[in-house]
There are 2 protein chains.
Amino acid sequence: MSSEHPPPSDLAERALGGANLPLLRGHNAAVLLGLLRAAGEGGVSRLELAERSGLTPQAVSKITARLREAGLAAEAGRRASTGGKPRTVLRLVPGARYAIGLHLDRDESVAVLADLAGEPVAVRRAPLDLGAGADEVLAAAADRVAEVRAAAPEAQVIGAGVACPGPLDHRTGVLHRVTGLPRWDGYPLRAALAERLGLPVVLDKDTNAAAHGLAQQADGAESFGYLHLGTGLGAGLVLGGAVHRGARTGAGEFGHQVVQLDGPRCGCGKRGCIEALCLAAVAAGDPAEAARVLGVGAANLVELLDVDRILLGGRTVLADPQAYVRGVAASLDAQLRAHGAAGARAVPVVPAPGGAQMVALGAAHLVLATLFAPPRGPFTGARAAL
Amino acid sequence: MSSEHPPPSDLAERALGGANLPLLRGHNAAVLLGLLRAAGEGGVSRLELAERSGLTPQAVSKITARLREAGLAAEAGRRASTGGKPRTVLRLVPGARYAIGLHLDRDESVAVLADLAGEPVAVRRAPLDLGAGADEVLAAAADRVAEVRAAAPEAQVIGAGVACPGPLDHRTGVLHRVTGLPRWDGYPLRAALAERLGLPVVLDKDTNAAAHGLAQQADGAESFGYLHLGTGLGAGLVLGGAVHRGARTGAGEFGHQVVQLDGPRCGCGKRGCIEALCLAAVAAGDPAEAARVLGVGAANLVELLDVDRILLGGRTVLADPQAYVRGVAASLDAQLRAHGAAGARAVPVVPAPGGAQMVALGAAHLVLATLFAPPRGPFTGARAAL
DNA sequence: GCACTTTGGCAACAGCGTTGCTTAAGTGGG
DNA sequence: CCCACTTAAGCAACGCTGTTGCCAAAGTGC
């Protein structure tokens with residue numbers, strides 16, 4: 001089994017409250033790596049790292065020395081002097097580690113190899129029939145992975161992130177009753193892929209992987225909802241910079257919220273689901289109505305969770321992004337303005353960047369994220385005296 | 001100003017990612033205090049603390065020695081021997097610290113003094129006209145606080161938590177346009193009260209304070225939604241053991257989610273808000289319909305956030321708790337069963353315990369929480385090698 | 001060319017949890 | 001009754017953390 005390749009998430013979920021010195025060391029290294037990644041190609045100086053992390057300059061020097069020794073960071077030029085010795089700039093070495101991202105969709109698969117900076121180095125798209133047998137799908141997936149994996153030195157690939165349609169259990173890596181694909185129910189996809197690839201694997205819902213990837217591009221502790229309108233209507237939620245999955249990875253069922261009591265019956269058995277209304281409007285050739293309904297649902301989400309932004313994605317949206325963005329924004333604004341109490345602030349609606357490989361890249365980020373800590377991390381330590 | 005009394009929340013929000021030894025020390029002390037509190041009157045032995053925290057027994061001995069020296073913990077008897085030296089039991093000393101909780105509602109105020117274990121030691125209820133001038137309200141509030149504060153030694157009261165109707169900004173402690181009370185718009189309530197009381201003050205929405213208090217009674221990282229049906233319909237969200245407030249403390253606007261497109265106009269200006277439908281049913285003497293609508297909204301929330309439980313509270317519910325619990329549970333179950341995809345799991349609907357002082361007690365817990373760390377705390381340290 | 005400013009490394013240090021061992025305090029067999 | 005055994009908790013030495021004080025390096029500007 002994958003006992004020799006524990007999934008990275010286990011590391012993050014050891015989660016007994018106590019902390020010791022190795023943990024402290026790893027945490028601070030992850031914080032500085034996170035700041036280095038956030039700085040991008042411009043780099044950061046040691047003193048800037050000290051300011052942003054709250055560590056002393058001397059501690060930053062020691063930690064970055066270890067990072068440089070491990071090949072994860074390097075010096076890269078100098079800043080202009082401000083009257084004294086100029087600051088030396090440190091940068092992440094993107095080629096030091098790689099992660100694989102694999103998106104298994106109903107009719108195609110996308111595999112990417114991403115470097116430490118999160119940039120795609122190799123991409124591979126191929127048709128896939130997710131309804132076929134497990135062996136067939138796994139073999140095809142492993143082939144796609146092998147093809148992109150060849151672009152990096154074997155030893156520097158730290159794991160694979162896999163995204164597929166839900167529902168599934170993120171912790172155990174087991175699929176549940178994927179809509180329309182009953183034969184996958186209960187299949188331990190993570191363990192099977194980990195054994196086949198010989199790599200640690202993390203498994204997540206496609207919308208969660210997308211949201212996670214999008215969260216990396218925003219800074220720090222932003223909150224947003226990513227609405228995905230394709231063959232269905234789902235959502236990925238990022239709250240305070242982290243993906244919210246819920247206890248059983250079931251969060252994000254945006255499409256089956258009821259917005260019309262006793263409305264038309266939905267395929268799921270309920271009445272008045274927003275997915276049914278939206279898709280009916282799309283089918284009727286009325287994207288304006290679909291966007292209006294979507295905006296009402298987005299307003300419900302904004303008021304319930306107080307998110308900063310709404311991102312739109314999915315095939316239906318990508319067919320005419322501007323129309324959907326405008327339509328949803330108008331509908332959302334009208335709802336929020338009418339209400340007013342929420343401060344009448346504007347909540348931007350924007351298309352999700354990234355295109356067709358966005359989900360796969362987000363899946364790769366799930367693995368890379370185990371190396372970094374968010375710049376404003378949730379270290380709960382600073383308790384009152386004692 | 002309150003510069004000499006920084007609100008406890010600032011301690012928790014220093015939030016620069018870097019961690020040093022004093023922080024580590026404070027964190028571990030907070031973890032053990034949290035475990036001691038969770039153990040309650042039964043107490044815990046040092047070795048059990050070690051198992052649950054992940055710390056070594058020796059570290060637990062050192063840290064608990066400091067806690068005992070500070071008067072926060074004490075030895076209390078022994079366990080039965082299992083063949084060797086019997087374990088000595090440690091317990092929290094409830095009287096070591098106190099916190100004040102103050103609930104300012106539209107027509108009454110409730111002040112409580114809670115000890116370290118979270119138990120109310122003194123309670124004071126009195127009528128209040130929140131529509132009166134700020135000076136008058138503040139004077140009355142300060143009087144109520146002084147009355148309960150007298151029940152504890154002055155130096156052991158560590159702060160006051162204040163809950164009032166939203167919207168407000170939890171970070172700055174400033175009120176926004178409280179519905180029906182426009183004169184409070186922009187009032188810096190936290191600073192004013194901190195100065196008047198000479199204590200650190202945290203301010204939060206009433207629903208958030210209630211949810212926070214309820215979260216203490218559950219174990220660890222539970223998620224639930226607390227729905228409050230009174231003069232309005234609001235919610236407090238607890239996700240993974242922590243209250244979700246959103247970026248501007250605006251989260252929890254459950255009542256103004258649209259569940260009937262183009263439905264009847266709500267007081268807020270929108271159409272088909274669940275609050276309007278619910279309250280109309282209550283006014284029409286049809287609590288069954290109110291519960292049915294509430295159940296549909298609860299199902300939306302469960303599917304979007306994957307919470308474990310739904311708690312019901314508020315005056316309207318308290319008038320006939322069983323009827324509402326049954327009605328909401330039936331409606332929620334019907335929705336979830338129809339959908340099925342969520343695993344067809346049952347989500348319990350229960351009345352919120354605690355009664356009339358629940359919000360005030362939750363507000364006190366907001367202050368006490370700064371001393372404790374959750375048993376499965378979000379220490380993000382354990383990153384991969386290096 | 002000298003004075004000044006700023007950066008970053010070196011060495012000594014205090015404090016953290018850890019390790020190896022000792023002492024305390026029970027149980028149970030002979 | 002006594003001794004062997006077991007388990008709990010403390011003591012001392014230790015390795016490692018970030019911190020502090022100091023100094024060399026590398027610029028600017030008069």
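Quick caveat, the model's predicted, so the values are computed rather than measured. Just so it is clear: chains get the letters A, B, ... in the order the sequence lines come, proteins before strands, and each one is counted from 1.
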Looking at A/T56, I'd like to know whether one of its side-chain N or O atoms comes within less than 4.0 Å of OP1 or OP2 on D/dT19. yes
Contact under 4.0 Å: A/R78 side-chain N or O vs D/dG27 OP1/OP2: yes
Respond yes when some side-chain nitrogen or oxygen of A/S61 is under 4.0 Å from OP1 or OP2 of C/dG8, and no when none is. no
Between A/L21 and A/P86, which residue's closest nucleotide on DNA chain D lies nearer the 5′ terminus? A/L21
In this structure, are over 12 heavy atoms from other groups packed under 6.0 Å from A/R37 atom CZ? yes
Establish, with yes or no, whether the OP1 or OP2 oxygen of D/dA9 is under 4.0 angstrom from a side-chain nitrogen or oxygen of B/T88. yes
Can we say A/E75 and A/R46 salt-bridge, meaning some charged N sits less than 4.0 Å from an Asp/Glu carboxylate O? yes
Phosphate oxygens OP1/OP2 of C/dG9: is one of them under 4.0 Å from a side-chain N or O of A/R46? yes
B/R79 CZ to D/dT6 P: how many Å, rounded? 23 Å
When rounded to whole Å, the CD to P distance for the pair B/E75 and D/dA8 reads 15 Å
note: B/E51, atom CD; D/dT7, atom C1'; distance rounded to Å ~ 13 Å
For B/G17, is there any backbone N or O sitting under 3.5 Å from a side-chain donor or acceptor partner on A/H27? yes
To the nearest Å, how far apart are A/L49 CG and C/dT7 C1'? 14 Å
Side chain of B/L24 (C-beta onward), nearest among C/dG8, D/dG18, C/dC16: C/dC16
Relative to the 5' end of DNA chain D, which residue comes earlier, A/A59 or B/T64, by the nucleotide with the nearest heavy atom? B/T64
Taking only the side-chain nitrogens and oxygens of B/N20, find out if one of them lies under 4.0 Å from OP1 or OP2 of D/dT19. yes
Can you tell if the side chain of A/Y98 reaches within under 4.5 Å of the side chain of A/V367, non-hydrogen atoms only? no
Return the value, rounded to whole Å, for the distance between atom CG of B/L23 and atom P of C/dC16. 12 Å
Between D/dT7 (P) and B/L47 (CG): distance, integer Å: 11 Å
Choose from C/dC16, C/dT18, C/dT7 the nucleotide whose nearest atom is closest to any side-chain atom of B/K62. C/dT18
Closer to the 5' end of DNA chain C via nearest nucleotide, is it B/K85 or B/Q58? B/Q58
Using atom CG of B/L90 as one end and atom P of D/dA9 as the other, report the distance to the nearest whole Å. 8 Å
Should A/N28 be listed as having a side-chain N or O under 4.0 Å from OP1 or OP2 of D/dG18? yes
Can you see which heavy atom on B/L203 is nearest to which on B/V174, and at what distance? CD2-N, 4.3 Å
Just the rounded figure in Å: distance from P of C/dG8 to CD of A/E48. 9 Å
